[in-house]
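Reading through the structure tokens given below for one structure.
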There are 2 protein chains.
Amino acid sequence: MVTMRDVAARANVSIATVSFVLNGTKRVAPETRARIEAAIEELNYRRNVVARALASSRTRILALLHPDLESRANATVIQFVMGAAHGARERGYDLVLWPVNDDEQMSHLLAGGLVDGALLMEVQIRDSRVERLVASGLPFALIGRTENDDLPYVDIDFAATIQEAVAHLRSYGHERIALITDRARGGPGPGRIMRVESAYRDAIAPLGAQPVIIAVDSTSAGGREAARTLCAEHPECTAAILVNEGASAGLAKEIRAAGRSIPGDLSVISASTTRELGEMIEPELTVMAAPAAELARLAVDALIDQLEGVPDAPPHTLIPCTLVPGESVGPVTVS
Amino acid sequence: MVTMRDVAARANVSIATVSFVLNGTKRVAPETRARIEAAIEELNYRRNVVARALASSRTRILALLHPDLESRANATVIQFVMGAAHGARERGYDLVLWPVNDDEQMSHLLAGGLVDGALLMEVQIRDSRVERLVASGLPFALIGRTENDDLPYVDIDFAATIQEAVAHLRSYGHERIALITDRARGGPGPGRIMRVESAYRDAIAPLGAQPVIIAVDSTSAGGREAARTLCAEHPECTAAILVNEGASAGLAKEIRAAGRSIPGDLSVISASTTRELGEMIEPELTVMAAPAAELARLAVDALIDQLEGVPDAPPHTLIPCTLVPGESVGPVTVS
DNA sequence: CTGAAAGCGCTTACAG
DNA sequence: CTGAAAGCGCTTACAG
């Protein structure tokens, strides 16, 4: 293994000087610098990141804390994870995946000194991970929000997204619009659900209709259940907005199985998902594509800015989903 | 920050002794051990992983090298990544995501000393990453295989998988069975495709029919293209085996759009995908579920065994996909 | 069974 | 502009 010592010897300087040119932390005479750079090149030297981390007290490693995603057929998740990995690499950081299950693992993360900061996915309204993070003093950025709006976060702008979805449906004449969300399995659930619901209430308020909110599991079975509930209990609804990626396919299938058609009898918008997933469904769904990769990069940037002391780094960013018209929205048909 | 020095002081021992109990590397008197453990507990001490890494020349970090997965609507990918993360954590290792694009990044990885070993996803038949890895001496495990079968790998047992798919279809009377694979976009392509094709040829050989192989993009559009090709050029086929996750939905849609039905006119098995994805499609596809999480864990275990010098660690493991019957396979109908 | 000490490969005040 | 040296927090022969 070639070390800084080897480079220094070959260039006839001290290792301190080598370090200075590598880090650009101090002025070095041009000829000296040239000699050192030549030596680095010739030896194909690359700084040991572990030693650097220990000496500088900065590992340049970020942790991505996520719940168990293994079972989720969640197309946005992979975009998110990959976006974060790319974003980190582009700024010279590494990203470690951290499946947080228990307190012990959280301690290991916080006290182990492996990471300079953490990114949190799937933030709950009341999130014990966030509390521990705050208590520990480790810098972090949230994807999603807790009750406490003061913490640094990036999030989907659900208000704008739902607003646009409703406007799109209204432009086709729809006035009875149901919302289908994710059923939280124990715990307070992601803040997302709460925000989506209130955005929905605000958006349909001008229509003067009662809100119809159906929460189901994020699975095909959940989607079928939503369709049955919709048909049986809310036949007045001519449109539905889904914010439940995993349920979208099941909903479409069951609506058809019930002898109704999309968009003939029901117009559907699936929000916060991917266009690829929309394309898989029949009919091709009109979706509002989640800015997953973009959000991940922003979260990474916010965290690194914080770590590197960039002034005026924006603590909060909201991005709406993008409407991608498919074939699942049509005019209201009089029956 | 509380260090080993603090613990040693509180327990009235040297830091060496603290290190011995932490690592279990040397016999320590029971009372001494108890004192040290008490001190650790009281101070809530946790070993600094960076210092440990530097001193022991082992970081206990593994890299997961993957191509750009951002754009893929690949449901097995997330299972794979998460399986690897969990597997690593369970053995006390961390996993960093490494999007390998260029040579410079590869050098940084290899010479930086951050990781003890690497896991490679999406291995190509002829893979420059593998060559560099071999040359560098960094331990690794492949997911998938190259030309060279001597390297340590885990992989899906495509021969057994395709064999079972064909057997399943034959039990319904099918004898004209097409194969739909992934179109490699430049380069030699994943070894997977080659292996799948030869497994298919072997499996249908007893049927005495010409092989029908259709390679399309792994997208809904690709699936549609496959359906059209099948209908137009191979009307004799009564069944198809897909090994192209992203194309499965498009295929089903286009078959129906062409006025043919699944499984009435065409039986379909989608291999190497997830049951969740099969459930999303209409009709619910019979799938052969990829053992993605299991494979990831095995690869992690194989790599760690190698790192820790476990004798007789199996260098190669093959696991077949699991048949999950859906509604897309039926008897041959005489026309 | 325990400790003193060297060393892992860097960074970073401090001197000159 | 450059260097000698301390130090980051551990592990690990080596002595005793």
Side-chain angles (χ1 to χ4, degrees), chain A residues 1-37 39-40 43-61 92 94 108 110-116 307-308, chain B residues 1-37 39-40 43-61 92 94 108 110-116 307-308:
Chain A
M1 177 190 232
V2 26
T3 71
M4 197 173 265
R5 186 150 269 111
D6 301 320
V7 173
R10 185 174 193 107
N12 263 309
V13 294
S14 73
I15 61 166
T17 308
V18 176
S19 180
F20 297 148
V21 342
L22 241 23
N23 293 312
T25 44
K26 248 183 178 176
R27 198 168 309 276
V28 172
E31 316 88 82
T32 312
R33 165 187 301 279
R35 235 168 42 235
I36 292 171
E37 283 167 348
I40 288 174
L43 296 173
N44 193 24
Y45 168 70
R46 226 151 282 265
R47 188 163 39 177
N48 180 298
V49 297
V50 177
R52 184 187 188 199
L54 183 60
S56 65
S57 308
R58 303 208 25 224
T59 62
R60 276 152 257 257
I61 298 176
D94 290 306
H108 179 49
L110 296 175
L114 178 67
V115 302
D116 289 343
L307 292 174
E308 301 186 341
Chain B
M1 177 192 232
V2 25
T3 71
M4 196 173 266
R5 187 150 267 111
D6 301 319
V7 173
R10 186 174 191 107
N12 262 307
V13 293
S14 73
I15 60 166
T17 309
V18 175
S19 179
F20 296 149
V21 342
L22 241 25
N23 293 313
T25 43
K26 249 185 181 176
R27 198 168 307 277
V28 172
E31 315 89 81
T32 312
R33 165 189 300 279
R35 240 173 30 240
I36 291 171
E37 282 168 347
I40 288 173
L43 297 173
N44 194 24
Y45 168 70
R46 226 153 281 266
R47 187 164 40 176
N48 180 297
V49 297
V50 178
R52 185 188 186 199
L54 183 60
S56 65
S57 308
R58 304 210 21 225
T59 62
R60 275 151 260 257
I61 299 176
D94 291 306
H108 179 49
L110 295 175
L114 179 66
V115 303
D116 289 344
L307 292 175
E308 300 186 342

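All values reported here derive from a predicted model rather than from experimental measurement.
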OP1 or OP2 of dT11(D) versus the side-chain N and O atoms of Ser19(B): is any pair under 4.0 Å? yes
Review point. Looking across every strand, which nucleic acid part, if any, lies under 4.0 Å from Val49(B) by heavy atom: base, sugar-phosphate, or nothing?
Key: nothing
For side-chain contact (heavy atoms from CB on, under 4.5 Å), just list the numbers for Asn23(A) and Arg52(A), CA-CA rounded to whole Å, side-chain angles, deciding distance to a tenth of an Å, and then say yes or no. CA-CA 11 Å; Asn23(A) 293 312; Arg52(A) 184 187 188 199; 3.6 Å; yes
Testing dT2(C), dG7(D), dA4(D) for proximity to the side chain of Val28(B), the answer is dT2(C)
Rounded to whole Å, CG of Leu22(A) lies from C1' of dT11(C) at a distance of 11 Å
Check: Can a side chain N or O of Tyr45(A) be found less than 4.0 Å away from OP1 or OP2 on dG9(C)?
Finding: no
Problem - OP1 or OP2 of dT11(C) under 4.0 Å from side-chain N/O of Ser56(A) - result: no
Does dT2(D) have OP1 or OP2 sitting under 4.0 Å from an N or O in the side chain of Thr32(A)?
yes
By the Watson-Crick or G-U definition, both distances under 3.5 Å, dT2(D) is matched with dA15(C)
Counting just side-chain N and O atoms, does Arg47(B) come under 4.0 Å of either OP1 or OP2 of dC10(D)?
no
Any Thr17(B) side-chain nitrogen or oxygen under 4.0 Å from OP1 or OP2 of dG3(C) = yes
**Message:** Would you say Asn48(A) places a side-chain N or O within less than 4.0 Å of OP1 or OP2 belonging to dC8(C)?
**Reply:** no
Answer yes or no: does a side-chain N or O of Arg52(A) lie under 4.0 Å from OP1 or OP2 of dT11(C)? yes
Using atom names, set out every protein N or O paired with an N or O of nucleotides 14-16 of chain D below 3.5 Å, distance rounded to 0.1 Å.
from, atom 1, to, atom 2, distance (Å)
dC14(D), N4, Lys26(B), NZ, 2.9

TODO: Please state whether the phosphate of dG9(C), meaning OP1 or OP2, lies under 4.0 angstrom from any side-chain nitrogen or oxygen of Thr3(A).
DONE: no
